Amino acid sequence: MSETSASVFNHIFHNRNLYPQVEITNAQKSINKILGYLNAGRLRKAVSTLFRFPELLPYSLYAHLFQICCSQRAIVEARKVESHLVTFSPTPPIFLLNRAIETYGKCGFLNDARELFEEMPQKDGGSWNAMITAYAQGGFPDEAFSLFLGMNKVGVYANKITFASILGSCAASFELNLSRQIHGHIMKYGFHRNVILCSSLVDVYGKCQVMSDARKMFNEIRYPNAITWNVIVRRYLDNGDGREAVLMFSRMLSAAIRPLNFTFSNALVACSSIYALKEGMQIHGVVTKLGFLENDVVSSSLINMYVKCGELYEGSRIFYELGSKDLVTWTSIVSGYAMSGKTLEARELFNEMPERNIISWNAMLAGYIDSSKWLEALDFLYLMLDETKSLDHVTLSLMLKLSAGLSDHEMGKQVHGYIYRYGFHFNLMVGNALLDMYGKCGNLNNARVWFGIMSTWRDKVSWNALLTSYARHQLSEQALAMFSEMQLETKPTTYTFGTLLAACANTSALYHGKQVHGYMIRHGIEIGTVLSTALLHMYSKCRCIGYAFQVLKGIPFRDVGLWNTIIFGCCHNRRAKEALELFGAMVEEGIKPNHVTFHGILVACVEEGLVEYGAQCFKSMMNEYSVLPQLEHYNCMIELYSRNGYMDELENFVKTMPIEPTISMLNIALDACKKHEYSKLGEWIMEKINEFNY
DNA sequence: AATATCGTAC
């Protein structure tokens with residue numbers, strides 16, 4: 001009996017104590033193993049260890065695993081964790097399933113998330129939030145909205161997390177009306193002191209381009225934090241109000257809130273957009289003081305700001321003084337040189353870059369195209385396609401700009417084919433570049449057809465591009481008619497008026513030109529330097545020099561373009577002598593003449609027959625001003641010598657010029673040779689012309 | 001964060 005009882009006791013003892021102890025040890029062993037793998041960053045190994053253990057483990061472990069799957073976007077492992085959980089736990093806690101939904105959402109597998117969400121026998125507010133957040137962050141705002149409605153229907157209360165996600169979706173899909181309703185809810189639920197939600201409202205209003213409401217909301221926030229300030233600066237910048245963006249940034253500094261690196265960056269981009277060098281330099285000072293100089297985000301924007309404000313040297317100084325340079329700072333400086341017309345230096349830097357991406361390639365390509373170096377651009381493009389095998393919407397837009405610059409209709413059509421194949425048809429920027437290409441290559445019909453196709457997604461840039469095509473084809477009447485039509489769909493911009501005035505100028509349509517000028521005054525259009533230049537050009541082309549001078553009087557700042565317009569305006573109005581006097585005044589004012597200026601000067605010399613002075617200008621343009629003569633300058637010189645019978649000089653010039661004379665240059669010179677019986681050069685030219693025929 | 005479509009003088 002005692003023996004038996006002893007053995008029974010023994011048995012019970014084993015069952016009660018010894019066996020459970022083994023079980024705990026095994027579970028503990030597995031847990032330790034899993035945690036060890038996780039600490040070593042070996043998620044897959046951790047999950048397969050979990051899978052080999054056929055019983056439920058502590059819930060906190062699953063939570064931990066989901067969290068890591070989430071941050072590593074490990075969908076396969078996440079599915080395994082969920083399956084282990086639901087296999088061994090008949091009623092898993094809701095919070096864990098919510099974590100699973102979050103994880104699936106973060107991995108971008110919204111169907112998995114939705115399936116789990118639907119199958120949950122019980123949901124709490126967190127489940128709805130997890131699902132809504134998944135849709136909101138996965139780029140499915142409409143799904144998020146409908147779930148939000150569903151949640152209200154079944155009587156689950158929204159909380160601040162719900163509102164934050166829904167506002168994010170509103171911002172992504174520019175849902176202004178819904179945003180206003182959410183705004184009301186937020187106030188009603190008593191979240192008016194919640195800085196995060198209120199900052200989101202500022203963001204939404206800004207994204208919906210209602211800056212007045214954004215600002216109102218901002219002003220209601222008692223303690224705006226760094227993110228709030230960042231949002232308001234960024235939204236002003238995006239809405240084209242660089243001035244206000246810079247202003248808000250300076251207020252942020254006054255409020256003693258330490259800017260984020262992106263806020264510095266936004267403020268500097270805002271400075272670039274309004275060419276506010278002084279303000280930019282002040283921000284540079286703050287950057288230095290607060291120790292952001294070595295921050296890649298800040299330094300690249302700083303370089304960019306100096307370059308855009310015309311201080312390339314200062315930009316490159318920052319670049320060279322940087323301790324570590326990343327891809328973006330490299331791209332900034334390459335782009336800086338490229339966009340300042342210094343393509344040689346830019347290319348050297350480009351070749352030195354330790355790594356490149358599509359943006360760096362695009363930046364270099366844009367530099368060539370911007371300085372009209374078409375052939376270099378073409379070579380570079382081939383190299384790019386060869387080496388990177390990749391292109392994006394920016395590359396395609398640049399390719400179209402290149403085709404337009406070369407007036408190469410065939411190439412343009414080929415690029416159109418590319419666009420079609422790569423599925424960039426609905427990209428607005430590419431579409432507008434395509435429109436412009438057809439216009440510039442002289443195919444107005446294709447431009448119009450494409451403009452029609454774009455009717456559901458075109459913008460004001462599309463209208464401007466089409467107007468330009470009409471203007472280019474000397475169809476100013478039709479351009480003005482389009483202008484009326486345009487106003488039914490969108491508002492005109494500076495570009496619109498620039499184009500219209502040019503159209504009037506080129507067709508000497510004084511009446512229409514005055515109408516456009518009147519429209520601008522009546523509608524309070526700000527007439528800056530560009531539009532003043534366009535007006536001046538129009539009036540002087542229309543031989544209305546009195547009005548032209550009237551416009552000139554009201555302009556406080558004269559740039560090269562304006563001076564060039566005045567100089568050419570004098571030439572058109574048989575006042576070449578005054579053009580030459582103006583050149584002196586311009587130089588005195590400290591404005592650097594460019595290739596267009598010298599073209600104007602040489603045209604004036606041709607008109608006045610000033611051979612020696614013209615030759616002197618031609619020399620000084622290279623030696624003193626380092627402006628490289630182009631076709632039109634050579635053309636002027638040949639005309640100058642030919643018209644005035646300077647045959648020895650003509651011969652010397654034609655035979656030593658570094659580029660091949662064009663057929664029209666040769667014809668001008670040949671006429672002179674015939675007139676002055678200068679057969680020595682005449683024969684040489686005849687030979688050249690014959691070469692052209694072969 | 002860095003590239004990016006339309007305008008003025010030729």
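Atoms considered below: every heavy atom in the structure, side chains included; atoms not considered: hydrogens, waters and symmetry mates. Labels below follow one simple rule: chain letters A, B, ... track the order of the sequence lines, proteins then strands, and each chain is numbered from 1. Values in this document were obtained by computation on a predicted structure and should not be read as measured data.
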What's the [atom1]-[atom2] distance between [X] and [N], to the nearest Å?
X      : N     : atom1 : atom2 : answer
A:K440 : B:dG7 : NZ    : C1'   : 10 Å
A:I601 : B:dA9 : CD1   : P     : 17 Å
A:N432 : B:dG7 : CG    : P     : 11 Å
A:D296 : B:dA1 : CG    : P     : 13 Å
A:N506 : B:dT8 : CG    : P     : 9 Å

Go through [options] for me and flag the one nearest to the [X] side chain.
X      : options              : answer
A:A366 : B:dA9, B:dT3, B:dG7  : B:dT3
A:T494 : B:dT3, B:dC6, B:dG7  : B:dG7
A:T533 : B:dC6, B:dT8, B:dA4  : B:dT8
A:N362 : B:dT5, B:dG7, B:dT3  : B:dT3
A:H595 : B:dC10, B:dA9, B:dA1 : B:dC10

Can a salt bridge be assigned to the pair A:E321 and A:R317 using a cut-off of 4.0 Å between side-chain N and carboxylate O? yes

If you look only at pairs with a residue in residues 569-590 of chain A, which of them pass as a ring-ring contact (aromatic ring centres under 6.0 Å, His included), with sequence neighbours excluded? A:F583-A:F598

If you look at every strand shown and take non-hydrogen atoms under 4.0 Å, does A:K308 touch a base, only sugar-phosphate, or nothing? sugar-phosphate

Could you check whether A:R458 makes a cation-pi contact with A:F451, meaning its NZ or CZ is under 6.0 Å from the centre of the six-membered ring and within 45° of the ring axis? yes

